Amino acid sequence: MFGPQMLIIAPRKVVQTQNIPQCNICLVSSGPRTLIFTHAPLAGHSLLFLSLSPSTRRISFPVSAVMATDSNTASVQALVELTHTSQMQAEKKTDDGKYDADAIAREIANGVDIEDGQPNPFVFLLTILVSFSGFLFGYDTGYVSGALVAIGTDLGREITSSDKEFITSATSLGALLGSIIAGTLADVLGRKWVTIGANTLFVVGAALQTGAHTVWTMIGGRFIMGWGVGIASLIAPLYISELAPSRFRGRLVILNVLAITGGQVIAYAIGASLQSLQHGWRLLVGLGIIPAVAQMIMFIYMPETPRYLVRRGQIEKARHVVRWIYSSRNGEVDEEVVVKKVKLLEIYNNDQHPEWSGYNRFKYALKQLYFVPGHFRALIVACGLQGIQQLCGFNSLMYFSATIFQVVGFNKPTAVSLIVAGTNMAFTILAFLLIDIVGRRRILLCTVWGMSAALVLNAVAFHFLPPTATQSDPWAIVILIAMMLYVAFYAAGIGNVPWQQSELFPIGVRGLGTSMATATNWGGNLIIGSTFLTMMDRITPSGTFGFYAGLCLFGEVFVYFFYPETSYLTLEDIQGVLKDGFNVKRSHQMSQEAKIKHRASTRGVVSFDSKV
Ligand SMILES: O[C@H]1[C@H](O)[C@@H](O)[C@H](O)[C@@H](O)[C@H]1O
């Protein structure tokens, strides 16, 4: 039962208060949480408490004070409206003038987070459609190794090693540039139209390569396609995380990574099967046009994300999308809950300067990103994780595993590479199953050290590998096992967690912040892709893998000190966590609380916070 004895709640720190006499309410902000106190004496109890913390807004009780906090008037206004609705509900009286306990219970139940319900299958469908971008990212970065060995003299002459390097890195360079502008474009044009634009680049780039008869046309095609890859690699996780209910967000973002790794496996497999077909590589490249066109057409009918719509002041449209996302399987949805959800989005995502030009917005966001401590912390975490993902050296395997396995003495190096790509995909599925249950931080802490250990084993095995080794040499087998262990640890953790990057940034700087992080990813990719073979040559394979092992250890330390737990927290909660520090401990506690609450509420028990 719901009783006042459950309401022992006190804000730890009142940051700022402000009177809103006409509304008779009080908002008190304590760290990432905002508490609202309203004036509505309830059957002998003087306190009504409504916690608006995104993770705890499920309680409503009377209070006597009238104060408010928030320098943002629009936010306060939205909170005020929200409180009014709740207050009116809570004040329902029975015929004899007493407060209606059932009505109050209903109000409390109404306070149960919209996020606790089952999202509509439509969310999964949208995620799958968005993940076509991930597939294209994987396919287009994956097919190059197969295409390079099959091109022969089709580009007018025998291609040299440096041609190969240019053809490979043109995409990484294009992706780096594309990712730099993608975030700002997404903020100005919207997530949907930028995705459609990326598809156009995929199609133009692939068409150019398919019909290429010179090395430079091929490089040009790869470069244009690279812009599409860079933009898509940012937009897809951004779109998904702005759309997903918080407790599914991790998994839904991983669906996109699964599509990346799936695209890589398919590109490897098609590449291997078309190897003996004359001009087969043209078909391999051209096939990439099909998913790009399909996604382009489907995206015309896709909605924008509710957070973007709210930011643009399109509230009715935002409600419409929220209705879709949270309606039950038979299409029912509680309208009041929808209104509340959109109001909450307004509080955190409202655009304070709708009249600003794109340039002014960019300038303002840039300043905010670097000078608002919470935003800058988000940037450090997002870029740090993306840097670790690439500098751990994984893509040297993706791009050159066939070469490595050839050196080791395997007869069918391309087939062995397919094992690497397959392991990558299989363990991404494991991450998909575990991420929201285990948590992003814990999954990284458990896997990054494993990558380091596997790399050390690899380095040792290379050291003892005889120069004339064959695939039956024990050290060759150790190398294969070490590589697979390394890939498994990578795919279960750092291969996908950095793509959760959008959740770290508030909407005002989300586009720019994710751009910087994605550019860090592609910058790292470019560095690894263009130095790996030289490093193997200059400092030996053992030195190269030993170096990557050291970088992984550094990554483990970074995660330990700087990466807060974000699973089960709403995007708005996460930004609160980073406001006054990295708050690793607090985030862990909040995440646990949110998880427990979710479990309690899905079992029909309403749980209350005793600590705020
Ligand atoms: O998350 C992806 C995935 O791990 C891919 O396999 C890898 O090639 C990409 O670089 C990475 O961003």
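From a predicted model like this one, the values you see are computed outputs, not experimental measurements. Numbering of ligands and ligand atoms starts at 1, following listing order.
Near Val257, with a cut-off below 4.0 Å to any heavy atom, the atoms of ligand 1 are 1 (O). Atoms of ligand 1 found under 4.0 Å from any heavy atom of Asn521 (numbered from 1 in listed order, with element): 12 (O).
Taking only nitrogen or oxygen atoms, main chain and side chain alike, Gly495 reaches within less than 3.5 Å of ligand 1. Residue contacts with ligand 1: Asn496 is placed with no nitrogen or oxygen under 3.5 Å of a nitrogen or oxygen of the ligand (distance criterion only).
In this structure, the protein non-hydrogen atom closest to atom 10 (O) of ligand 1 is Asn395 ND2, 2.7 Å. Scanning the protein for heavy atoms near atom 11 (C) of ligand 1, the closest one is Gln389 OE1, 3.4 Å. Closest protein heavy atom to atom 4 (O) of ligand 1: Tyr490 OH, 2.8 Å. In this structure, the protein non-hydrogen atom closest to atom 5 (C) of ligand 1 is Gln264 OE1, 3.5 Å.
Ring pair Phe558/Phe554 is tilted by interplanar angle, where 30° to 60° counts as tilted.
The proximity of Asn424 to ligand 1, defined as any non-hydrogen pair under 4.0 Å, is limited to the side chain.
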Practice task
Could you walk me through whether Phe132 and Tyr139 pass the ring-ring contact (aromatic ring centres under 6.0 Å, His included) test, one step at a time?
Solution key: CA-CA 10 Å; Phe132 271 55; Tyr139 188 83; over 10 Å; no
Handout entry: Audit row: Phe137, Trp522, ring-ring contact (aromatic ring centres under 6.0 Å, His included) steps and yes/no
Key = CA-CA 12 Å; Phe137 163 2; Trp522 287 108; 5.2 Å; yes
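Considering all non-hydrogen atoms of both residues, Leu571 and Gln575 come closest at O-NE2, 2.7 Å. Across all non-hydrogen atoms, the minimal contact from Ser515 to Thr184 is OG-N, 4.2 Å. In terms of heavy atoms, Gly493 sits closest to Pro498 at O-CD, 4.4 Å. Contact detail for Gln501 and Ala517: the closest heavy-atom pair is OE1-CB, 3.1 Å.
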